[in-house]
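Report on the structure given below.
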Amino acid sequence: MYVFRIGKIKVVFAKVEEILKQIESFLSKEKPCQIVTLNSLIYLQSKIDYLTKKALEEAKLILCDSFGIALCCSIFSAKVLKHQPGIELIDHICCLAKEKNCKIYLFGANEIVVSNVAEKLKKEFLINVVGYHHGYIFLNNKDLSDKVEEEINKRSVDILFVALPTEIQEHWIKKHIGKLNCKVVIGVGGSFDIISGKLKRAPKLFRILGLEWYYRLLQEPWRIKRILRLPLAITILFFDCLYSKLGLKK
């Protein structure tokens with residue numbers, strides 16, 4: 001296991017077995033633990049949103065879900081560091097959930113997608129998915145967060161997967177985690193779309209080259225507005241990594 005510090009943020013690079021052991025330890029704690037699967041756009045969001053910033057600084061575990069972050073951390077650590085895609089992590093966590101008989105709740109995406117994900121995970125991993133709720137929580141000027149909290153808390157959830165847009169995912173988790181009756185909360189971004197079959201996952205070559213974002217853009221051209229923010233995100237990340245490295249030498 002290797003930890004790279006970017007200011008107050010601790011990005012963990014570890015083998016799957018080590019990650020699962022850490023998550024297993026969270027399942028025995030009384031208060032919910034937040035796990036962040038960090039990508040470049042979430043990092044950029046932390047620069048403009050206070051709760052996202054606090055989430056990254058205070059999360060129990062931050063994993064690298066981005067080729068760009070892995071590359072920057074590799075440059076300034078002089079190590080070859082690899083990212084851990086959130087979509088793959090879900091599979092591993094589901095295997096752990098089956099072994100430990102955990103209760104799973106899914107929150108995010110649209111109603112059709114999240115219901116399909118629930119059925120697929122039940123069928124493939126034989127896990128106990130106790131409920132789900134779509135991620136369109138801001139409807140008709142109403143925030144449905146209280147309803148989501150109530151549903152989760154009724155079911156005494158062990159692991160909560162949250163698949164919300166980058167702009168609100170970590171913000172929402174940080175804002176509500178203190179009122180959630182669960183053990184582990186992990187943001188998984190657009191993973192539900194891939195698991196449900198709505199979108200295809202990038203071929204292996206795209207993943208190796210760090211071009212998963214491009215493959216998704218081909219499927220969802222409207223995401224171009226988000227993708228255009230990537231150069232800014234990587235630039236800020238690069239200089240923050242440099243600053244942190246120089247700070248360690250002082």
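Because only heavy atoms are used, hydrogens play no part in the values below, and waters and symmetry mates are left out as well, while side chains stay in.
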Check this for me: does any side-chain nitrogen of one of [X] and [Y] sit under 4.0 Å from a carboxylate oxygen of the other?
{"X": "K8", "Y": "E58", "result": "no"}
{"X": "D240", "Y": "R5", "result": "no"}
{"X": "E167", "Y": "R229", "result": "yes"}

Would you mind listing every ring-ring contact (aromatic ring centres under 6.0 Å, His included) that reaches into residues 8-44, with sequence neighbours excluded? none

With sequence neighbours excluded, give me every ring-ring contact (aromatic ring centres under 6.0 Å, His included) pair touching residues 74-115. F76-F238, F107-W172

Side-chain contact, heavy-atom cut-off 4.5 Å: [X] with [Y]?
{"X": "F206", "Y": "I208", "result": "no"}
{"X": "T37", "Y": "L89", "result": "yes"}
{"X": "L63", "Y": "L38", "result": "no"}
{"X": "K79", "Y": "F4", "result": "no"}

Taking [Y]'s backbone N and O only, do any of them form a donor-acceptor pair with [X]'s side chain (distance below 3.5 Å, no angle check)?
{"X": "E220", "Y": "L217", "result": "no"}
{"X": "S74", "Y": "L81", "result": "yes"}
{"X": "E151", "Y": "H133", "result": "no"}
{"X": "N116", "Y": "S196", "result": "no"}

Can you list the residues that meet the salt bridge (Lys or Arg N to Asp or Glu O under 4.0 Å) rule with K53, with sequence neighbours excluded? E57

Kindly write out the residues that satisfy salt bridge (Lys or Arg N to Asp or Glu O under 4.0 Å) with R155, not counting sequence neighbours, or none if the list is empty. none

What distance separates [X] [atom1] from [Y] [atom2], expressed to the nearest 0.5 Å?
{"X": "K54", "Y": "Q34", "atom1": "NZ", "atom2": "CD", "value": "12.0 Å"}
{"X": "I227", "Y": "K225", "atom1": "CD1", "atom2": "NZ", "value": "13.5 Å"}
{"X": "I159", "Y": "K100", "atom1": "CD1", "atom2": "NZ", "value": "11.0 Å"}
{"X": "E88", "Y": "D65", "atom1": "CD", "atom2": "CG", "value": "9.5 Å"}
{"X": "K245", "Y": "S77", "atom1": "NZ", "atom2": "OG", "value": "6.5 Å"}
{"X": "K175", "Y": "Y50", "atom1": "NZ", "atom2": "OH", "value": "14.0 Å"}

Y2: ring pair (Phe, Tyr, Trp, His ring centres under 6.0 Å) partners, not counting sequence neighbours: none

Neighbour count >12 (heavy atoms, 6.0 Å) for atom OH, Y214: no

Is there a donor in the side chain of [X] and an acceptor in the side chain of [Y], or the other way round, less than 3.5 Å apart?
{"X": "E149", "Y": "H176", "result": "yes"}
{"X": "N110", "Y": "H134", "result": "no"}
{"X": "S66", "Y": "S40", "result": "yes"}
{"X": "Q169", "Y": "Q45", "result": "no"}

Donor-acceptor pairs under 3.5 angstrom involving side-chain atoms of residues 177-194: please list them, not counting sequence neighbours.
| from | atom 1 | to | atom 2 | distance (Å) |
| --- | --- | --- | --- | --- |
| N181 | ND2 | N153 | O | 3.4 |
| N181 | ND2 | S156 | OG | 3.4 |
| K183 | NZ | L27 | O | 3.3 |
| S191 | OG | V188 | O | 2.8 |
| D193 | OD2 | R216 | NH2 | 3.0 |

Heavy-atom closest pair (V36 atom, A55 atom, distance to 0.1 Å) is CG2-O, 4.4 Å

